[in-house]
Each structure stands twice: as structure tokens, then as C-alpha cells.
Amino acid sequence: MCDADHAIDKILSGMGSLSDVDRAYVFQCRPGDIVDNTHEWCSEGTAPMIDVLQNMPMDIIAPWREGFERGEPLHVPSIDAFDLSPDLRELMAMQGIKGILLVPLQWDGSIVGFVGFDQVGVARPFSAEILRILIAVAGAVGTILARAAANREITRTKTELEEAVRQLRHLVMHDDLTGAPNRRAFHLAINVALENGERHQTETSVAMIDLARFKSVNEKYGHTEGDRLLSQIVQRWAVVSKSGVDIYRIGGDEFAVVLNDRDAESAMHDVIDRMRLALLEPFILGDQNTRIDMSAGLTVAPRDGTSAEVLAANADLAVLTSKVEKGRTCAYSPDLRKLALQRHETAQDLLAASPDKDFVVVYQPIVDLHTGAIVKVEVLLRWQHPTRGLLNPDDFIDVLCGLDQSRKVGRWVLETACRQVAEWNRRFSLDLVVAVNAFPLQVATYDFVLEVQSALYHSKLPVRCLEIEVTENITMQDGSLNLKVLKQLSDMSVAISLDDFGTGFASLNSVLQIDVQTLKIDRSFAFGLHPGDPRIEVLKAMRHMTKGLGIRSVVEGIEDEIVAGIVRDIGFDFGQGYYWSRAIDPESFAVLLAQDHASAMKYG
């Protein structure tokens with residue numbers, strides 16, 4: 001066997017294993033219109049056919065010859081669904097073929113043979129990526145065979161073979177778009193690092209990286225610009241890669257890093273910091289500056305696990321926590337797995353819950369700071385869990401926000417609140433405004449506009465009496481449907497309120513992105529407030545801003561008369577908190593309204 005034959009056998013073996021086929025082979029044309037099976041690789045348990053399929057007539061490729069002459073491969077995901085002559089079907093059945101890919105080999109415009117890849121026993125359609133790789137393999141094999149047969153320059157052929165193998169390995173192990181090492185290379189790198197760690201008593205750290213708000217970039221600028229952004233990000237990270245650290249693209253906007261070091265966790269934190277630093281400069285998409293941030297989670301072996309699968313799963317859990325904690329780099333701990341299990345169990349229970357049977361709504365007053373009258377009411381959600389009792393939002397709301405079930409629950413809350421406040425307004429001759437919190441998945445579809453219209457129509461609540469509260473994470477999704485949906489609601493004269501203002505870096509941008517009528521100042525600015533507190537100056541600046549923008553303001557978390565007096569003197573419009581009332585059931589709130597109404601009648 002010459003070097004060319006050995007190398008081709010090696011290529012078939014490597015490609016066969018990587019592409020999950022059962023048999024890979026080469027047929028070459030011989031004088032007399034015959035073809036011979038000259039090279040073959042078979043997976044364990046698959047019967048070889050190289051000795052059987054010799055001196056085969058060229059007629060076996062007659063059905064596909066015209067396509068082969070045009071250089072077109074033949075991909076048959078399932079032989080059972082393909083029209084074959086009885087003789088050809090019998091030949092394939094004899095080989096156990098269920099699915100097949102045949103790629104013609106051409107030289108100087110003539111067919112010199114073909115490369116085949118068989119799936120035996122079970123048909124598993126080839127993915128587009130695998131098809132591309134296998135066709136590239138066939139092209140390289142054809143070039144090698146033709147050159148070797150033409151001039152027998154073994155040394156030159158060996159060099160070309162090695163280059164072909166190198167290029168093919170690069171194709172298999174690297175991402176098409178960015179050129180970064182891919183998921184296959186990532187898992188291989190973890191195993192190599194673990195082996196080195198065991199040999200040299202060092203640590204292995206695995207980190208997962210997710211780009212923040214990348215989906216909205218695709219939605220606003222299109223996938224072409226999104227792909228260009230990914231390439232630019234990888235180019236910036238090349239500064240990190242030059243230090244000997246590979247950054248793997250494992251799918252979409254997800255990346256990973258593998259390190260082996262004496263103190264791998266510290267080294268990984270340093271790498272992640274440098275990756276963040278590379279993203280600080282804005283990217284130009286279209287004609288606008290776009291900033292991209294990232295979430296990162298890491299794990300360390302042998303402390304957290306000793307297999308590639310466990311480490312990758314641990315890092316995934318850590319990056320999910322990083323997303324919740326607004327991008328802070330998070331390290332894996334066993335508590336994260338417990339939390340993930342709890343979240344899974346909570347999600348399953350939420351999916352089984354019925355909005356009108358298993359949830360209840362409570363109401364908290366919002367008062368005019370200058371008159372003390374109740375002018376608004378915020379509706380809040382509680383979950384009557386079958387075994388854990390009545391749960392506050394902190395126990396389930398984050399999980400519910402990620403489920404489609406939130407749309408159903410949100411619609412029920414909206415309809416219930418509108419009916420209830422409309423009834424109170426009629427009973428007490430009031431003009432109360434109800435503030436309803438919207439779930440992110442509600443605002444991500446135009447159906448939400450129709451749901452708001454329907455709730456107002458059926459409850460007969462005037463549009464001026466409804467306010468939709470959204471959080472900053474909803475408004476930050478630039479380019480998504482969210483902003484368009486909120487714009488439609490504003491055009492309907494539905495007031496938009498931005499909740500928890502002051503807790504995120506993009507708050508001011510959020511105010512400018514949408515037509516906000518009300519800002520709710522986060523409770524952290526009011527809790528424990530006292531004369532001389534430095535937060536008072538921050539609150540004064542907020543009030544100055546809201547007044548300049550013509551936006552109403554609500555201060556949350558007011559628990560005593562001292563705080564109420566401070567925010568009243570600053571000039572805020574409304575207050576909300578335990579000083580006036582906790583969130584209470586509809587019957588108790590009606591009593592509160594009756595008392596407020598009687599007081600207004602007495603002193604009005």
C-alpha cells in the first residue's frame with residue numbers, strides 16, 4: 001500500500017467516525033466500464049464489502065450518471081422512500097444500506113469514480129454541516145487519487161494529503177462564520193485539559209460566555225449584520241487568544257473557554273475580564289453605535305467534577321446565574337444545581353396551574369402625596385401552591401417570566417384587575433387608575449395589544465384608568481417587538497409606567513426609548529431614609545429629571561411618616577408602601593376605599 005492509499009484510508013476512518021456513518025468507501029473507474037471498491041472503512045459491527053464489490057459494471061451508477069457528470073452528489077436520507085430498480089434495491093439491501101451519500105470524483109471533465117457514505121440499519125439524515133464536510137472530503141480524495149495516478153509523485157502527493165487532512169480537520173473543528181474553534185474542539189479541549197490536570201496535578205476551568213441582547217441585534221439589523229457582529233467580536237477577542245487561550249464558539253451567541261493552570265479559577269477570571277474589556281468599545285451596525293455585554297459562568301475541576309459533560313453542565317448553570325445577576329461572573333457551586341432543580345420543579349408546577357383557580361390577585365394603594373387620597377392601585381400576583389401554600393412573587397415570578405404560561409396568567413390578571421377597578425370606580429364614583437405589571441413574553445407579541453383592548457372593552461374601564469407597568473429588561477431589548485408593542489399601547493392612550501427605576505445602568509436610556517408616563521422610584525431609595533441621608537440628593541435629581549420630562553413619579557417602599565414627609569417635600573407626586581397599606585385582598589381594599597371616600601366626603 002502506497003502513502004496515498006494509507007492516507008485515504010486514514011481520511012475515511014476519521015470522517016466516518018466524526019460524521020456518524022457506518023461505512024465510508026471509494027470506488028474507482030477501471031478500463032472496460034467497470035468500477036472497483038478500492039478503499040473502505042466500517043464502523044464496529046458493520047460488515048465490510050470491499051472484497052465483494054469488485055469488477056462491478058458501471059451500470060450500477062446509471063440512474064445517477066447524468067447528475068454525476070455535472071458534479072452533483074446524491075443524498076438519499078432513506079432508501080425505502082427512493083425509486084430504485086429491483087436489482088439496485090437488492091444490491092443495497094444486501095449491504096444493509098438505509099441511507100446513502102454518493103459524491104462523484106471527476107478529473108479533466110471525466111468521472112474517475114465516487115466516494116460513498118452509508119448508514120446501515122437505521123437511516124439518520126445527514127445535517128447540512130455534515131453534508132458540506134463529507135462533500136469536501138470527497139473532493140480532496142478525488143484530487144489525491146487523480147494526481148497519484150497521473151504522475152506517481154509520492155512525496156508531493158503525501159504533502160498534498162497532509163495538507164488536505166489538515167484542512168479537513170480545520171473544517172471539522174472550526175466554525176464556518178468566525179473561524180473560532182467549535183463545539184467539537186471544545187469538548188476535545190476539556191478532555192485534554194483534564195488529562196494534563198491529572199498528570200501534573202493542576203486544575204481545569206471551563207467557562208461559558210453568553211452575549212447579552214444579541215437576539216435583538218438580529219431582529220433590528222438582520223442576520224447578516226448579526227453574523228458580521230459575531231465575526232467582529234471574535235476578532236477583538238483575538239488579543240486574548242494570542243496569549244494561548246482558545247475561545248470556542250459553541251453555537252449562536254454562546255462561547256466557551258478552557259484553561260489548565262495551578263490556579264485555574266483565578267486565571268479564568270483574568271481571561272473573562274480581558275474579554276469584557278475587549279467589548280467596551282461600541283460596535284457600528286448600520287449607522288448606529290451598538291454596545292454588547294456578556295454573561296459568564298465558570299466551573300473548576302477536580303473540585304466541581306472530573307468529566308467534560310459535568311463541567312460543561314456546571315458552567316451552563318453558572319452562566320444562567322450570571323444572566324440573572326446582570327452579567328456578574330459567577331462560579332459554580334452545588335447550591336446552583338439545587339436551585340436549578342427547584343426552578344425545574346417550580347416550572348412544572350406552574351405549567352400545571354390554572355390561572356383562574358390557582359392564582360389570586362391582591363391590591364396595594366398608591367396615594368397622592370399632597371392630598372393623601374388613593375388615586376391609583378397596583379395589582380399584584382400571588383400563587384396558591386397545592387403543597388407550599390400561598391406564595392409571594394419572589395418565590396416564583398422569575399420562573400414564570402420564562403414560561404409561555406406567563407401569557408395566560410398575565411391575561412387573566414389584566415382582565416380581573418380591569419373588571420375589579422371598573423366596579424370600584426362605579427361604586428365609589430372614583431377615577432382610580434389600575435397599574436398592571438406586564439410579563440416580558442406578553443410584551444413580545446402584538447397579541448398583547450389586542451388583549452388590552454379586549455380587557456378594556458369587556459370591563460368598560462376607561463383607557464385613562466389603565467397603566468401598564470414594565471421593567472427595564474423589557475425596554476432594553478432594542479430592536480425587538482417590545483418597543484413597537486409599547487408604542488402601539490401609547491398610541492391607544494394607555495399609560496406606560498417604568499418600574500424599579502434607578503436600579504439598572506440603562507434606566508435613563510429606557511425612559512427615552514419609550515413614551516413613559518410614570519416612573520416608579522425603586523424602594524431601595526426610600527427604605528430607612530432619614531434627614532441628612534445622601535440619597536436625598538439623588539432623589540432630588542430624579543425629581544428634577546421627571547419634572548423636566550413631564551413624567552409623573554411614584555416612590556415605592558415608604559414605610560413611615562418621616563420618609564413620606566421627605567419625599568413629599570422633595571416634590572414627588574405619588575407614594576406607595578406599608579405606611580398606607582400592604583397589598584390586600586379585594587374585599588379589604590374595598591373597605592379601604594370606602595373609608596377614603598367617606599373621609600373625602602367629610603373634608604371635601
Side-chain angles (χ1 to χ4, degrees), residues 324 335 338-367 374 376-424 432-442 451 455 459 466-471 473 497 499-500 520 522-524 526-527 554 556-560 575-596:
V324 173
D335 289 341
K338 293 178 184 177
L339 181 61
L341 180 60
Q342 291 171 359
R343 289 176 65 88
H344 175 74
E345 291 173 350
T346 299
Q348 295 306 306
D349 291 343
L350 283 168
L351 290 171
S354 173
D356 58 344
K357 295 178 181 178
D358 298 309
F359 293 92
V360 295
V361 290
V362 291
Y363 299 87
Q364 187 173 32
I366 299 173
V367 304
I374 298 174
K376 294 186 182 184
V377 54
E378 181 177 4
V379 57
L380 300 165
L381 186 65
R382 303 289 186 265
W383 179 21
Q384 188 66 53
H385 191 277
T387 59
R388 296 164 62 189
L390 189 66
L391 301 182
N392 287 319
D394 289 346
D395 297 317
F396 67 89
I397 207 73
D398 284 345
V399 177
L400 182 57
C401 281
L403 301 175
D404 281 339
Q405 180 80 331
S406 66
R407 292 192 176 105
K408 296 179 183 178
V409 175
R411 182 169 62 248
W412 173 78
V413 171
L414 175 66
E415 293 170 350
T416 302
C418 286
R419 284 198 306 270
Q420 180 63 80
V421 173
E423 191 271 326
W424 284 335
L432 277 179
V433 173
V434 59
V436 181
N437 293 276
F439 287 101
L441 292 181
Q442 281 184 286
E451 291 169 6
S459 66
L466 176 62
E467 191 168 86
I468 297 297
E469 284 195 13
V470 295
T471 52
N473 64 318
S497 172
D499 201 7
D500 300 333
K520 300 193 74 175
D522 186 73
R523 66 185 65 249
S524 61
F527 183 76
V554 179
E556 300 179 290
I558 298 175
E559 297 192 358
D560 56 49
Q576 181 178 355
Y578 293 169
Y579 175 57
W580 294 282
S581 174
R582 293 176 178 270
I584 52 180
D585 61 74
E587 293 75 17
S588 300
F589 198 89
V591 173
L592 195 65
L593 284 176
Q595 294 170 349
D596 193 65

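- Taking Lys376 as the reference, Glu467 meet the salt bridge (charged side-chain N to carboxylate O under 4.0 Å, His left out) condition, with sequence neighbours excluded.
- A salt bridge between Arg407 and Glu451 is absent, with no side-chain N of the basic residue lying under 4.0 Å from a carboxylate O of the acidic one.
- Between the CG atom in Asn437 and the CG atom in Leu414 there is a gap of 11.0 Å [rounded to 0.5 Å].
- To the nearest 0.5 Å, atom CG of residue Asp395 and atom CG of residue Leu400 are 12.5 Å apart.
- Judged by distance alone, the side chain of Asn392 and the main-chain N or O of Asp394 form no donor-acceptor pair under 3.5 Å.
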Would you please test Ile584 and Val362 for side chain to side chain contact (heavy atoms under 4.5 Å, CB included) and show each step?
-> CA-CA 5 Å; Ile584 52 180; Val362 291; 5.9 Å; no

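- Between the side chain of Thr416 and the backbone N or O of Val413, no donor-acceptor pair lies under 3.5 Å.
- Atom CG of Asp522 is separated from atom CZ of Phe527 by 12.5 Å, given to the nearest 0.5 angstrom.
- Side chains of Leu380 and Tyr363 form no contact here, defined as non-hydrogen atoms less than 4.5 Å apart.
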Can Val433 and Val377 be said to form a side chain to side chain contact (heavy atoms under 4.5 Å, CB included), step by step?
-> CA-CA 6 Å; Val433 173; Val377 54; over 6 Å; no

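- Listed for the Glu415 side chain is no donor-acceptor partner under 3.5 Å among the backbone atoms of Trp412.
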Go through the steps to decide whether Glu556 and Asp499 satisfy the test side chain to side chain contact (heavy atoms under 4.5 Å, CB included), and finish with yes or no.
-> CA-CA 9 Å; Glu556 300 179 290; Asp499 201 7; 3.3 Å; yes

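- Between Gln364 atom CD and Ser581 atom OG the span is 6.5 Å, to the nearest 0.5 Å.
- Residues Leu592 and Pro365 have side chains in contact (heavy-atom distance under 4.5 Å, counting atoms from C-beta outward).
- Within the 4.5 Å cutoff, the side chain of Asp560 has no heavy atoms near those of the Tyr578 side chain.
- The closest side-chain donor-acceptor pair between Gln576 and Lys520 falls under 3.5 angstrom.
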Steps toward side chain to side chain contact (heavy atoms under 4.5 Å, CB included) verdict (Leu381, Val409) | CA-CA 9 Å; Leu381 186 65; Val409 175; 3.7 Å; yes

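- A side-chain donor-acceptor contact under 3.5 Å links Gln405 to the backbone of Leu350.
- Scanning all heavy atoms of the two residues, the minimum distance from Phe359 to Ala353 falls at CE1-CB, 3.8 Å.
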Please lay out, stage by stage, how Thr346 and His344 fare under the test side chain to side chain donor-acceptor pair (under 3.5 Å).
-> CA-CA 5 Å; Thr346 299; His344 175 74; over 6 Å; no

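- At least one donor-acceptor pair under 3.5 Å links the side chain of Ser459 to the backbone N or O of Ala455.
- Here the closest non-hydrogen pair linking Ala352 and Asp358 is O-OD2, 4.5 Å.
- Side-chain contact check for Asp356 and Ser354: at least one donor-acceptor pair (N or O, by modelled atom type) lies under 3.5 Å.
- Ring-plane geometry between Trp383 and Phe396 is classed as perpendicular, the angle between the planes exceeding 60 degrees on a 0 to 90 degree scale with a lower cut at 30.
- Taking CH2 of Trp580 as the start and CD of Glu559 as the end, the distance is 11.0 Å to the nearest 0.5 Å.
- Few gaps surround CZ on Arg388; more than 12 heavy atoms of other groups in view lie less than 6.0 Å from it.
- Between Val436 and Glu378 there is no side-chain heavy-atom pair separated by less than 4.5 Å.
- Atom CG of Leu432 and atom CG of Leu466 lie 13.0 Å apart (nearest 0.5 Å).
- Inter-residue side-chain proximity for Pro355 and Arg411 is flagged as unmet; no heavy-atom pair is nearer than 4.5 Å.
- Ser406 has its side chain out of reach of Cys401: every pair of non-hydrogen atoms, C-beta onward, lies at least 4.5 Å apart.
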